[in-house]
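Quick notes on the structure that follows.
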2 protein chains.
Amino acid sequence: MARLIDVAARAGVSKSTVSNVIRGTALVAEETRRKVERAIAETGYRPNAIARSLQARSGNALGVIVPDLTNPFFAQLVVGVERAAATSGQAVLTAHTECTPAAELAAAYAFLERRVDAVVIGGLSIGASLPGLLMDHGMPVVLAGLGGIEDPRPGVVDHDTAAAMEAVVRHLYGLGHRRLGFLAHGLREIAGEGRRLAFEAALARRGLVAVASEAAATALVAHDDMHAIAAIDRLERAGRRVPEDVSVTGYDDVPLAAHGRIRLTTVRADGVEMGRRATEMAIAAARHGRSAGQRESAGESRRIILPSPLIVRASTAAPRRDRGTGA
Amino acid sequence: MARLIDVAARAGVSKSTVSNVIRGTALVAEETRRKVERAIAETGYRPNAIARSLQARSGNALGVIVPDLTNPFFAQLVVGVERAAATSGQAVLTAHTECTPAAELAAAYAFLERRVDAVVIGGLSIGASLPGLLMDHGMPVVLAGLGGIEDPRPGVVDHDTAAAMEAVVRHLYGLGHRRLGFLAHGLREIAGEGRRLAFEAALARRGLVAVASEAAATALVAHDDMHAIAAIDRLERAGRRVPEDVSVTGYDDVPLAAHGRIRLTTVRADGVEMGRRATEMAIAAARHGRSAGQRESAGESRRIILPSPLIVRASTAAPRRDRGTGA
DNA sequence: ATGAAAGCGCTAACAC
DNA sequence: GTGTTAGCGCTTTCAT
């Protein structure tokens with residue numbers, strides 16, 4: 001592919017002049033500009049972003065980490081990230097890790113080596129070292145929807161998980177459920193863990209404790225919509241009707257949750273918005289060359305809490321009298 | 001972040017020596033190696049992939065273009081691409097274009113400028129100039145699941161769309177349907193267009209023509225599963241039962257299609273496999289520095305046709321006698 | 001076995 | 001207005 005110097009030679013000018021017309025900085029005589037533009041068109045020249053990045057000491061890209069692209073919530077998150085990134089000309093490198101520490105490590109090193117400007121983390125294995133590793137190298141990090149993390153350095157965009165789970169439990173409790181179970185994420189993901197804790201706290205406030213066996217529960221609170229939807233299928237294949245025999249709730253409000261054949265009661269989470277906000281925060285942090293969590297004097301906030309309303313649909317109902325109301 | 005030269009200084013050796021231990025090429029004395037490794041650990045040094053790329057004249061990355069990441073089929077395609085890319089240490093740049101020519105162009109230029117080694121295209125607007133643009137710049141391109149394209153240069157991984165649609169129509173026709181309609185993609189996407197053509201050809205073979213109005217049809221063939229699933233919802237909200245009043249078919253066999261409450265009759269497409277095969281082809285093409293479509297003397301094939309079996313579930317049934325059997 | 005030096009394609013000072 | 005030059009952080013001959 002043609003280089004700057006090839007264009008310069010063809011136009012009969014120097015590299016700097018070509019560079020100047022390309023970037024629109026500095027004044028260039030009208031005639032010279034025209035010659036250069038013709039040379040560019042004739043050679044099909046495209047600036048080499050790698051050389052630019054080397055010089056700029058910035059990869060001009062963002063990294064995103066998600067556990068599973070196939071889950072619509074994470075797909076939406078990535079869409080939000082891409083839109084926001086495109087706005088500032090950043091490319092986005094995606095890594096989906098399936099919450100395996102090995103993949104997380106590999107992603108961290110890849111991002112570090114490619115000198116991305118910041119990384120947005122949408123999901124992590126429980127106890128992951130990734131954010132610390134990244135931040136120790138001076139990489140700005142923002143956590144999107146992960147629930148509480150002890151480290152104060154990363155930026156955070158999240159829900160009030162405690163409030164959301166309280167609303168779910170209140171709804172179910174109000175319906176008469178007393179035997180509630182939690183559907184854990186197969187991926188052992190950190191957000192799911194936070195939701196489980198919040199769920200159990202809400203239960204404890206009512207003197208209840210989570211039932212361990214799916215069979216014994218009259219209501220199942222799933223970590224996210226995809227698991228809730230899968231649970232409905234599993235339960236119904238086993239002969240238990242939802243919501244007549246068991247109530248099921250989700251989390252995320254993926255588009256499908258509203259489908260007439262699913263009608264899932266769930267907590268709404270706007271993945272696209274979350275991705276967008278997280279990305280804006282990440283870009284701002286990169287621009288100021290420091291951890292996303294550190295507050296800017298101008299007053300940008302380091303933690304954004306998005307609303308997470310409970311959406312009641314038809315996957316929850318009062319328990320059957322013969323089993324649901326007992327202690 | 002520490003540079004090669006910092007590590008060298010700290011270890012008291014030259015840049016070349018550090019470079020040699022990092023890449024494992026060339027012999028290095030045991031003691032020297034140890035000193036260097038300590039210096040690397042102490043500085044937290046990570047090689048700058050940008051500088052490497054500049055020198056290697058390769059971005060060491062692949063581009064993927066999808067119309068909509070939120071559609072599980074494309075998400076799976078990307079997953080397949082990422083897995084295959086990770087295997088050879090390539091990063092992947094994702095662009096989802098929503099089939100808008102502007103976004104497609106932007107993605108093409110971004111990929112060109114970042115010097116990706118090849119691009120995998122999972123979806124395109126009808127009449128898009130993107131593949132040509134890329135290939136004119138010498139960029140290897142492979143088309144995944146797009147249906148027929150005239151240009152012989154790109155590599156292709158696809159189904160036999162004609163056979164798949166013939167199977168769908170045969171199934172519906174066998175059930176007694178005579179008034180079949182096609183559910184077009186809102187995105188005006190090229191693959192959907194190919195499926196529509198194949199559908200109409202299968203109809204024509206039976207002396208039938210597609211019915212234009214959704215209301216008049218006894219069977220609706222959707223461009224993909226997500227549209228089929230949305231159609232089921234729409235139809236049922238309008239008071240028409242599926243499959244009792246209308247049959248609906250999809251394409252892709254996304255995980256949800258098998259759900260007990262959906263049970264969609266559809267054509268199976270393995271997105272992950274498609275992404276994997278396309279990526280292997282793209283990488284091979286990049287390695288040989290030419291269009292993915294050009295056959296390698298060793299006999300790598302330039303077109304891979306994956307199986308696309310019809311999966312019959314419960315969204316299709318015989319039409320009601322009072323409307324379905326008329327001509 | 002190790003080091004010196006050139007160069008990848010660009011940008012940014014600065015000189016003219 | 002335009003050209004020259006010195007890097008950006010690596011890899012890669014080629015000496016030693």
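In the text below, chain A, chain B and the rest are named by the order of the sequence lines, each starting its count at 1.
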Q) Which heavy atom in Gly80(B) sits nearest to a heavy atom in Thr279(B), and how many Å separate them? A)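 Distance-wise, the nearest heavy atoms are O-OG1, 4.5 Å.
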What pairs with [X] under side-chain hydrogen bond (donor to acceptor under 3.5 Å, both in side chains), at least two apart in sequence or on another chain?
{"X": "Arg10(A)", "answer": "Glu42(A)"}
{"X": "Glu273(B)", "answer": "Arg276(B), Arg277(B)"}
{"X": "Thr32(A)", "answer": "none"}

Q. Is the closest side-chain donor-acceptor distance between Ser19(B) and Arg23(B) under 3.5 Å?
A. yes
**Q.** Sequence-distant partners of Arg52(A), salt bridge (charged side-chain N to carboxylate O under 4.0 Å, His left out), two or more places apart
**A.** none
(Q) Rounded to whole Å, how long is the line connecting atom CD1 of Ile50(A) with atom C1' of dC8(C)? (A) 10 Å
Q. Between Thr43(B) (side chain) and Ala39(B) (backbone), is there a donor-acceptor pair under 3.5 Å?
A. yes
Q.
Below 4.0 angstrom, which residues in residues 28-37 of chain A have at least one non-hydrogen atom near DNA chain D?
A.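 Output list: Val28(A), Ala29(A), Thr32(A).
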Q.
More than 12 heavy atoms of other residues, nucleotides or ligands under 6.0 Å from CD1 of Ile5(B): yes or no?
A. no
Q: Tell me, yes or no, whether the heavy-atom count around Arg188(A) atom CZ, taken from other residues, nucleotides or ligands under 6.0 Å, exceeds 12.
A: no
**Q.** Toward the 5' end of DNA chain C, by each residue's nearest nucleotide, Ala26(B) or Ile22(A)
**A.**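 Nearest-nucleotide comparison on DNA chain C picks Ala26(B).
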Q) Between Arg115(B) and Asn20(B), which is nearer to the 5' end of DNA chain C once each is assigned its nearest nucleotide? A)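 Closer to the 5' end of DNA chain C: Asn20(B).
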Q: For DNA chain C, find the residues of residues 2-12 of chain A with a heavy-atom distance under 4.0 Å and give them by number; none if there aren't any.
A: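 Here the set is Arg3(A), Leu4(A).
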Check: protein-nucleotides 12-16 of chain C nitrogen or oxygen pairs below 3.5 Å:
unit_1, atom_1, unit_2, atom_2, d
dA12(C), OP2, Arg23(A), NH1, 2.7

(Q) For chain A and DNA chain D, what are the first and last nucleotides along the strand, 5' to 3', with at least one atom under 4.0 angstrom from a heavy atom of the protein chain? (A) dG1(D) to dG9(D)
Q) Of all residues at least two apart in sequence or in a different chain, which pass the side chain to side chain contact (heavy atoms under 4.5 Å, CB included) check with Ala86(A)? A) none
Q: Would you indicate, yes or no, if dG3(C) has its OP1 or OP2 atom less than 4.0 angstrom from a side-chain nitrogen or oxygen of Ser14(B)?
A: yes
Q. Between dC10(C) and Arg52(A), is there an OP1 or OP2 to side-chain N/O distance shorter than 4.0 Å?
A. no
(Q) Applying side chain to side chain donor-acceptor pair (under 3.5 Å) as the test, list every pair that has at least one member in residues 56-70 of chain B; sequence neighbours left out. (A) Ser58(B)-Asp117(B)
**Q.** Pairing of Lys35(A) and Glu31(A) as salt bridge, 4.0 angstrom limit
**A.**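 Result for this pair is no, no salt bridge flagged.
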Q: In plain terms, say whether Asp136(A) and Arg153(A) are close enough for a salt bridge, that is, a side-chain N and a carboxylate O under 4.0 Å apart.
A: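 Looking at Asp136(A) and Arg153(A), the cut-off is met.
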Q.
Return the CG to CG distance between Leu54(A) and Asn48(B), rounded to the nearest 0.5 Å.
A. 6.5 Å
Identify every side-chain donor-acceptor pair in residues 99-111 of chain B under 3.5 Å, counting partners at least two apart or on other chains, and give the distances.
unit_1, atom_1, unit_2, atom_2, d
Thr100(B), OG1, Thr97(B), O, 3.0
Thr100(B), OG1, Ala103(B), N, 3.4
Glu104(B), OE1, Ser125(B), OG, 3.0
Glu104(B), OE2, Ser125(B), N, 2.7
Glu104(B), OE2, Ser125(B), OG, 3.3

Q) Given axes from five pairs at either end, by how many degrees does the helix from dA1(C)-dT16(D) to dC16(C)-dG1(D) bend, rounded to 10°? A) 40°
